[in-house]
Amino acid sequence: MSDYWITENPLNPRDVIDLVIRPEAGAINTFIGTVREFTEGKQTLFLEYQAYESMAVKKMEEIGHEIEQQWPDARTAIAHRTGRLEISDIAVVIAVSTPHRADSYEASRYAIERMKEIVPIWKKEHWHDGEKWIGDQKEKHPGVPSKEEVQ
Amino acid sequence: MNRLLFFAELQEQMGAEQLELQAEGQTIEELKGYIGDTYQLHKVKEAMVAVNEEFAVNDYQIQDHDVIAFIPPVSGG
């Protein structure tokens, strides 16, 4: 099984963690992104995630490589769920193992921030009074990705 | 021929996940203009674009068989 995947099935954090456990690691940092019910007072009924799956997996792998360049002893695994998710369902699990704890925190944070920049996954909010695809990509100039994003 | 892929709100507004057309020789920017005008899909101009699963700049010149995906702002996680 790959260390990076997208699935419509419920995610089990243990499956992601198991991929980075190894004798060299003294720390495993796990990030779990869940479906939030209230955003600034507005109630979400459920979310719908959609992915450009082949590219999303590729970009998740790329994040893993970036992490290994920045933190050479780190190992990363990432899983993201798509389809309809209910409140508190797990949308994403990131596990990073490193020899020492400081690096695992930093690399884990890097992974989720980077996910929101380069991985083509979208979410649609469903409320009582409507629905909307939400994007919060940190894109500076619409339609013109930065050089780093293209490379 | 080229395959164009649409996601999220672009897919809903387009009413289709994909479209086949001949875009060889056009730049991404020209293609965005064409799609925006022809399908009243003006938000396509704000989308990022991936060619064969890699982000591409607006002045990239499209080649035969390129798969072009319009990537509205993402929000995974």
Side-chain angles (χ1 to χ4, degrees), chain A residues 6 31-36 47-63 78-82 90-94 111-125 131-151, chain B residues 2-20 23 26-37 39-63 65-77:
Chain A
I6 286 172
F31 174 82
I32 300 174
T34 55
V35 176
R36 180 175 54 240
L47 288 185
E48 193 184 332
Y49 280 91
Q50 187 185 76
Y52 178 8
E53 194 168 328
S54 53
M55 181 173 170
V57 169
K58 230 162 114 173
K59 290 290 156 192
M60 281 154 59
E61 285 169 358
E62 212 173 288
I63 291 170
I78 306 173
H80 204 298
R81 190 172 167 193
T82 53
I90 296 173
V92 61
V93 180
I94 297 171
I112 186 63
E113 300 301 334
R114 206 67 183 122
M115 288 279 291
K116 289 172 181 289
E117 289 176 342
I118 65 166
V119 180
I121 295 176
W122 301 269
K123 74 176 171 200
K124 190 181 195 180
E125 289 269 2
E131 51 183 48
K132 191 178 194 305
W133 285 101
I134 302 290
D136 56 1
Q137 195 169 31
K138 298 168 187 162
E139 191 187 335
K140 312 264 181 326
H141 308 286
V144 186
S146 67
K147 273 278 178 287
E148 305 86 71
E149 280 166 337
V150 173
Q151 280 159 3
Chain B
N2 297 98
R3 184 182 304 155
L4 277 47
L5 305 177
F6 301 92
F7 295 96
E9 60 177 326
L10 293 177
Q11 184 179 102
E12 285 180 1
Q13 286 167 13
M14 211 34 211
E17 292 178 20
Q18 49 176 284
L19 188 70
E20 301 265 343
Q26 291 183 52
T27 63
I28 295 295
E29 193 159 19
E30 288 165 347
L31 179 64
K32 280 180 170 180
Y34 172 78
I35 296 292
D37 295 343
Y39 299 93
Q40 298 296 304
L41 193 68
H42 299 295
K43 281 197 170 176
V44 83
K45 290 169 190 171
E46 297 161 21
M48 288 176 74
V49 166
V51 175
N52 305 325
E53 302 178 358
E54 285 299 335
F55 289 110
V57 291
N58 272 334
D59 56 8
Y60 172 82
Q61 196 168 24
I62 297 163
Q63 298 176 16
H65 304 304
D66 277 347
V67 175
I68 297 144
F70 296 100
I71 313 267
V74 301
S75 55

- Roughly how far, to the nearest 0.5 Å, is the CD1 atom of B:Ile71 from the CD1 atom of A:Ile118?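 That separation rounds to 11.5 Å.
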
- Task: With rounding to the nearest 0.5 Å, note down the distance linking CG in B:Leu5 to OH in A:Tyr52.
- Result: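 The OH atom of A:Tyr52 is 5.0 Å from CG of B:Leu5, to the nearest 0.5 Å.
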
- Would you kindly say whether A:Trp122 and B:Glu9 are connected by a side-chain donor-acceptor distance under 3.5 Å?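 Not at all, the side chains of A:Trp122 and B:Glu9 share no donor-acceptor pair under 3.5 Å.
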
- Task: Please examine the side chains of A:Met55 and B:Glu54, heavy atoms only from C-beta on, and report whether any two atoms are closer than 4.5 Å.
- Result: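 Of all side-chain heavy-atom pairs linking A:Met55 with B:Glu54, none is under 4.5 Å.
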
- Greatest number of heavy atom pairs closer than 4.5 Å to chain B - which of A:Lys132, A:Lys58, A:Glu48: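 Looking at each option in turn, the highest pair count goes to A:Lys58.
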
- Greater than 12 external heavy atoms within 6.0 Å of B:Glu17's CD: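 It does not: B:Glu17 CD has 12 such atoms or fewer within range.
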
Taking side chain as everything from C-beta outward and backbone as N, CA, C, O, which of these in [X] sits under 4.5 Å from a heavy atom of chain A? Side chain, backbone, both or neither.
{"X": "B:Asn52", "result": "backbone"}
{"X": "B:Val67", "result": "side chain"}
{"X": "B:Glu29", "result": "neither"}

- List for me each residue that meets side chain to side chain contact (heavy atoms under 4.5 Å, CB included) alongside A:Glu131, sequence neighbours excluded, and say none if there are none.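 Partners of A:Glu131 under the side chain to side chain contact (heavy atoms under 4.5 Å, CB included) test: A:Lys124, A:His126.
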
- Message: Taking side chain as everything from C-beta outward and backbone as N, CA, C, O, which of these in A:Ala51 sits under 4.5 Å from a heavy atom of chain B? Side chain, backbone, both or neither.
- Response: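 For A:Ala51, the contact with chain B is made by the backbone alone.
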
- Message: Could you go through A:Gln50 and B:Gln11, starting from their C-alpha distance and side-chain angles, then the distance that decides it, and tell me whether this counts as side-chain contact (heavy atoms from CB on, under 4.5 Å)?
- Response: CA-CA 11 Å; A:Gln50 187 185 76; B:Gln11 184 179 102; 3.0 Å; yes

